[in-house]
Amino acid sequence: MSVAWIGSQPVSLMDAIQNVAKLLVSSRCPVFTIDADVHGTRSAIALAERVGGAFDHIHGDTLAREVALFADQGAMITTPGETRRRSSLVVLVGDIPVAHHELLLHLAGSGPDLGDRNKRVWFHVEGALEPPSDAGRLHRKLRSVAIGGEGLGLSGVLAALRADLLGRNQTGSLANVDRLKSALGKSRFPVFVFSGTMNSPDLAMLQGLVADLNKQGRASSLFLPTDDDAWGTALTSLWMTGFPPRTGFSDSLPSYDPVRWDTQRMVRDKEADLHVWVSARGTMPPKGRIGLVSLSRTEKRREGAAVTISVGRAGVDHDGVAFSSRIGTFHSLTASAPSELPSIASVLQQLALVLPGRKGLPC
């Protein structure tokens with residue numbers, strides 16, 4: 001089976017790699033759009049630095065919004081493991097991505113065994129908008145109690161709840177707030193679960209509420225990202241460069257700018273002249289009017305790509321390391337169906353060795 005193509009012509013893997021090297025050498029502004037495990041992400045970032053390019057994640061807009069939540073507001077965060085073992089009160093705030101519903105249902109099937117031994121109870125804070133149908137199903141399975149107020153958005157409900165807990169006067173009332181206050185009085189470690197679907201004012205009000213509770217006891221929040229792989233890319237980028245994705249190396253030093261280094265915008269606006277698309281999940285690259293190199297899990301060439309290299313996926317074709325919201329950190333992946341497809345990291349390492357200087361990547 002062919003794993004590499006130059007245009008529509010099947011070639012050897014090394015011929016394809018050498019052709020990509022020529023494209024990178026001749027490029028004045030290459031950009032890398034990444035969707036890979038930790039090893040693949042590290043290699044792609046290191047290569048972007050080598051050639052003076054910029055990098056972003058495939059779900060760059062979503063990831064940039066989640067990163068901005070923490071950069072703008074900060075947060076007091078705990079882990080799913082601490083939540084499972086210590087919290088008898090879990091409050092869902094806003095919409096939680098469907099990918100995490102299984103985790104929440106798993107939490108519902110267990111009880112705390114450290115410190116707080118009360119039966120776990122659930123609440124959910126919602127705004128005036130009708131929640132998605134899958135959220136409604138989740139709330140019913142968890143038997144969670146709704147906290148809301150007529151005509152109030154999520155920020156308004158959180159503000160009213162915070163004022164009520166501080167004993168301040170307010171107009172109107174929230175549904176089931178007395179039940180929540182009673183549960184807070186019994187719980188030794190309440191946890192508020194939120195996701196990147198929140199906006200900055202929502203998070204500011206939530207974290208203010210958590211800070212208020214910590215003046216008299218212990219409380220925290222649990223962040224569940226929209227996409228685990230994207231969040232893993234953000235963490236990997238942070239420890240390598242000090243910045244999240246949408247970072248560039250135009251002057252050899254990393255610089256973060258969520259607008260300037262939005263790689264897909266750069267492709268659309270032709271600010272870049274070469275797009276290196278790296279996708280272990282086989283996501284199709286968007287159409288553009290600049291040169292395209294596709295490293296993707298595919299069985300055929302990518303239409304419009306100057307070079308296509310078929311790569312494996314960590315946890316399927318080869319072992320790897322990825323972020324998991326279920327444990328709140330990185331974990332190892334074992335190949336479920338080992339294949340001969342090369343890993344992204346191995347392809348990029350070979351590519352670095354044929355670039356001028358012939359120096360391997362430091363990862």
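Please read all numbers here as calculations on a predicted model, not as lab measurements.
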Hey, does [Y] have a side-chain heavy atom less than 4.5 Å from the side chain of [X]?
X: Val316; Y: Arg297; value: yes
X: Leu92; Y: Leu138; value: yes
X: Phe55; Y: Leu47; value: no
X: Phe249; Y: Val51; value: no
X: Val177; Y: Leu165; value: no
X: Val347; Y: Leu295; value: yes
X: Val125; Y: Leu206; value: no
X: Val145; Y: Leu180; value: no

Could you tell me which non-hydrogen atom of [X] sits nearest to which non-hydrogen atom of [Y], and how far apart they are?
X: Ser339; Y: Asp317; result: OG-OD1, 2.7 Å
X: Pro30; Y: Asp273; result: N-OD1, 3.9 Å
X: Thr79; Y: Leu222; result: C-CD1, 3.8 Å
X: Trp277; Y: Pro286; result: CZ3-CD, 3.3 Å
X: Ser296; Y: Gly282; result: OG-CA, 3.3 Å
X: Ser325; Y: Leu224; result: CB-CD2, 4.2 Å

Between the main-chain N or O of [Y] and the side-chain N or O of [X], is there a donor-acceptor pair closer than 3.5 Å?
X: Asp56; Y: Asp262; result: no
X: Arg326; Y: Pro80; result: no
X: Ser187; Y: Leu184; result: no
X: Arg42; Y: Leu361; result: no
X: Arg281; Y: Asp35; result: no
X: Thr197; Y: Asp95; result: yes
X: Asp37; Y: Ala322; result: no
X: His100; Y: Pro225; result: yes
X: Arg265; Y: Arg260; result: yes
X: Arg168; Y: Ala163; result: no

Would you call the rings of [X] and [Y] parallel, tilted or perpendicular, taking 30° and 60° as the class edges?
X: His57; Y: His59; value: tilted
X: Phe70; Y: Trp231; value: tilted
X: His139; Y: His124; value: parallel

Is it the case that the side chains of Gln207 and Ser221 hold a donor-acceptor pair, with the cut-off being a distance below 3.5 Å and no angle test?
yes
Working to the nearest 0.5 Å, report the span between [atom1] of [X] and [atom2] of [Y].
X: Arg120; Y: Arg84; atom1: CZ; atom2: CZ; answer: 8.0 Å
X: Ser43; Y: Leu351; atom1: OG; atom2: CG; answer: 10.5 Å
X: Leu209; Y: Arg162; atom1: CG; atom2: CZ; answer: 7.0 Å
X: Leu174; Y: Ile147; atom1: CG; atom2: CD1; answer: 7.0 Å
X: Leu203; Y: Ser155; atom1: CG; atom2: OG; answer: 10.0 Å
X: Leu89; Y: Phe192; atom1: CG; atom2: CZ; answer: 6.5 Å

Could you go through the side chain to side chain contact (heavy atoms under 4.5 Å, CB included) check for Gln350 and Leu13 one step at a time?
CA-CA 10 Å; Gln350 292 179 71; Leu13 177 60; 4.3 Å; yes
Would you indicate whether Arg65, at its atom CZ, is surrounded by more than 12 heavy atoms from other residues, nucleotides or ligands within a distance under 6.0 Å?
yes
Walk me through whether Asp164 and Lys181 qualify under side chain to side chain contact (heavy atoms under 4.5 Å, CB included).
CA-CA 9 Å; Asp164 197 304; Lys181 290 165 71 174; 2.9 Å; yes
Do you reckon [X] sits in the same ILVMFWY cluster as [Y], going by side-chain contacts under 4.5 Å, direct or chained?
X: Leu274; Y: Trp261; result: no
X: Met205; Y: Phe223; result: yes
X: Leu235; Y: Val278; result: yes
X: Leu23; Y: Ile290; result: no
X: Met76; Y: Val67; result: yes

Would you check, one step at a time, whether the test side chain to side chain contact (heavy atoms under 4.5 Å, CB included) holds for Leu152 with Glu126?
CA-CA 9 Å; Leu152 292 178; Glu126 58 187 15; over 6 Å; no
From CA spacing to verdict: side chain to side chain contact (heavy atoms under 4.5 Å, CB included), Ser294, Trp5:
CA-CA 10 Å; Ser294 174; Trp5 297 261; over 6 Å; no
